[in-house]
Amino acid sequence: MVNELKNIEKISIKKFQEDLISWFKAEQRDLPWRKDQDPYKVWVSEIMLQQTRVDTVIPYFNRFIEWFPTIEDLANANEEKVLKAWEGLGYYSRVRNLHSAVKEVNANYGGQVPDTPKEISTLKGVGPYTAGAILSIAYGVPEPAVDGNVMRVLSRILLIWEDIAKPSTRKVFENAVRQVISHDEPSAFNQALMELGALICTPTSPSCLLCPVRDHCQAFHEGVETKLPIKTKKNSQRSVDLAAIIVKDESGKILIHKRPENGLLANLWEFPNVELHQPFVMERAQISGLFRESFDMNIKLEKNIGQIEHIFSHLVWNIRLYIGTIDAEFLENDEWKFITLDEIEEHAFPVSFHKMLKLYKEYS
DNA sequence: AACACGTGGAT
DNA sequence: TATCCAAGTGT
């Protein structure tokens with residue numbers, strides 16, 4: 001705490017702001033969410049960019065704004081379409097929270113995104129980073145927007161050795177930003193910090209010789225830029241074995257199941273599946289028994305057509321894929337239905353589903 | 001505080 | 001191949 005205060009004194013804040021912002025104005029990327037400062041579009045882009053690369057986000061952002069051009073359009077959209085717009089982006093709770101928050105803004109804020117830290121922070125999915133990003137970029141409010149880039153860049157410039165993997169560390173950087181942010185151009189300043197982190201001050205091999213604020217950088221001065229930031233590593237992921245089944249009815253439709261509204265891949269559709277706690281001793285008849293226990297359905301597994309691995313951030317799915325049949329008297333409801341291949345376009349599925357579908361098509 | 005929560009790309 | 005990510009938030 002005392003440490004970074006002292007380091008901030010070592011630099012000329014005014015000159016640092018000028019060097020950083022003029023670089024940003026000259027070198028910033030031409031990105032679709034930078035065409036205007038519509039708070040709604042800034043909001044959508046910031047949610048999409050959470051833990052997600054710019055190159056990945058661009059096509060999703062363009063299509064999302066085509067489908068839902070305004071707050072009112074998104075507020076009135078049905079969830080299936082909204083999830084479909086997010087299909088493949090990951091962290092699906094982001095878009096369910098965004099949908100919920102946009103409905104809130106449409107209903108209780110006259111369709112105007114709130115412009116105060118207190119109000120905007122009450123919106124679902126808007127945490128400290130996103131609040132600061134929207135307030136500064138869309139409204140010019142000098143609030144910190146501390147993401148991974150900002151922590152990396154400032155840890156180097158200000159020689160901050162705290163572990164950025166610790167939740168409490170974000171406050172240290174917010175405090176630092178409050179002391180160096182430009183009150184004339186908070187939008188350009190915050191975006192410049194992130195842009196610098198993305199283009200120059202990268203994690204492994206920063207391009208210090210091209211850096212517009214190299215002269216202000218304590219880490220460069222000390223030759224320790226690649227030692228920062230300090231970030232402890234996370235635990236390894238656990239592995240889960242699953243058996244999934246593709247069932248077709250007499251007209252050739254495939255059976256899908258809607259996942260629970262909370263937790264992993266919430267509200268997305270998938271092929272019926274069960275967890276295999278003893279994967280090496282499970283045979284088709286026993287797995288059929290698991291389906292009966294889990295869903296009270298009489299499913300017969302006819303043939304294993306292969307297996308896929310799907311890696312999440314925190315776990316690994318090893319999925320055995322079967323084809324099979326189900327009793328004719330099976331009833332459809334909100335969670336279970338048969339759909340045509342064309343109707344896949346009207347439902348949102350995780351990437352693992354598409355991997356299985358591809359395997360099935362190759363088998364057929 | 002620690003962990004759940006996705007995905008595809010970089011090294 | 002293994003690991004670490006990339007503009008974090010909710011619980």
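Only a predicted model underlies this, so the values are computations on that prediction, with no experimental measurement involved. Below, read A as the first sequence line, B as the second, and so on, with proteins coming before strands; counting in each chain starts at 1.
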- Message: I need the full list of side chain to side chain donor-acceptor pair (under 3.5 Å) pairs touching residues 198-207 of chain A, with sequence neighbours left out, sorted by first then second residue.
- Response: none
- Query: When you match A/Ser168 and A/Gln51 each to their closest nucleotide on DNA chain B, which lands nearer the 5' end?
  - Reply: A/Ser168
Tell me what [X] touches on the nucleic acid: a base, only sugar-phosphate, or nothing, going by heavy atoms under 4.0 Å.
X: A/Arg152; result: sugar-phosphate
X: A/Arg29; result: base
X: A/Leu89; result: base
X: A/Gly263; result: sugar-phosphate

Rounding to a whole Å, what distance do you find between [X]:[atom1] and [N]:[atom2]?
X: A/His354; N: B/dT7; atom1: NE2; atom2: C1'; result: 13 Å
X: A/Lys231; N: C/dA6; atom1: NZ; atom2: P; result: 7 Å
X: A/Arg94; N: B/dG6; atom1: CZ; atom2: C1'; result: 8 Å
X: A/Glu261; N: B/dA4; atom1: CD; atom2: P; result: 21 Å
X: A/Phe61; N: C/dA6; atom1: CZ; atom2: C1'; result: 18 Å
X: A/Phe353; N: B/dG6; atom1: CZ; atom2: P; result: 17 Å

- For C/dC4 and B/dC3, measure between their P atoms and round to the nearest Å. 15 Å
- Rounding to the closest angstrom, what is the interatomic distance between B/dG6 and C/dT11 at atom P? 13 Å
- Message: Give the residues of residues 124-138 of chain A touching DNA chain C, defined as any heavy atom closer than 4.0 Å, sorted by residue number.
- Response: A/Lys124, A/Gly125, A/Val126, A/Gly127, A/Pro128, A/Tyr129, A/Thr130
- Query: Which pairs pass salt bridge (Lys or Arg N to Asp or Glu O under 4.0 Å) with one or both residues in residues 62-75 of chain A, sequence neighbours excluded?
  - Reply: none
- Sorted by first residue and then second, give each salt bridge (Lys or Arg N to Asp or Glu O under 4.0 Å) pair with at least one member in residues 16-43 of chain A; sequence neighbours left out. A/Lys15-A/Asp19, A/Lys25-A/Glu185, A/Arg29-A/Glu195, A/Arg34-A/Glu195, A/Asp36-A/Lys41
- Item | Hydrophobic cluster partners of A/Ile311 (side-chain heavy atoms under 4.5 Å) | A/Val316
Any residue meeting side chain to side chain contact (heavy atoms under 4.5 Å, CB included) with [X], in chain and number order, not counting sequence neighbours:
X: A/Ala75; result: A/Val102, A/Lys103, A/Asn106
X: A/Asn78; result: A/Glu80, A/Lys81
X: A/Asp327; result: A/Asn298, A/Glu329

- Task: Answer yes when A/Glu346 and A/Lys84 have at least one side-chain N-carboxylate O distance shorter than 4.0 Å, and no when they do not.
- Result: no
Distances under 3.5 Å between protein N/O atoms and the N/O atoms of nucleotides 8-11 of chain B, please, pair by pair.
| unit_1 | atom_1 | unit_2 | atom_2 | d |
| --- | --- | --- | --- | --- |
| B/dG8 | N2 | A/Arg53 | NH1 | 2.5 |

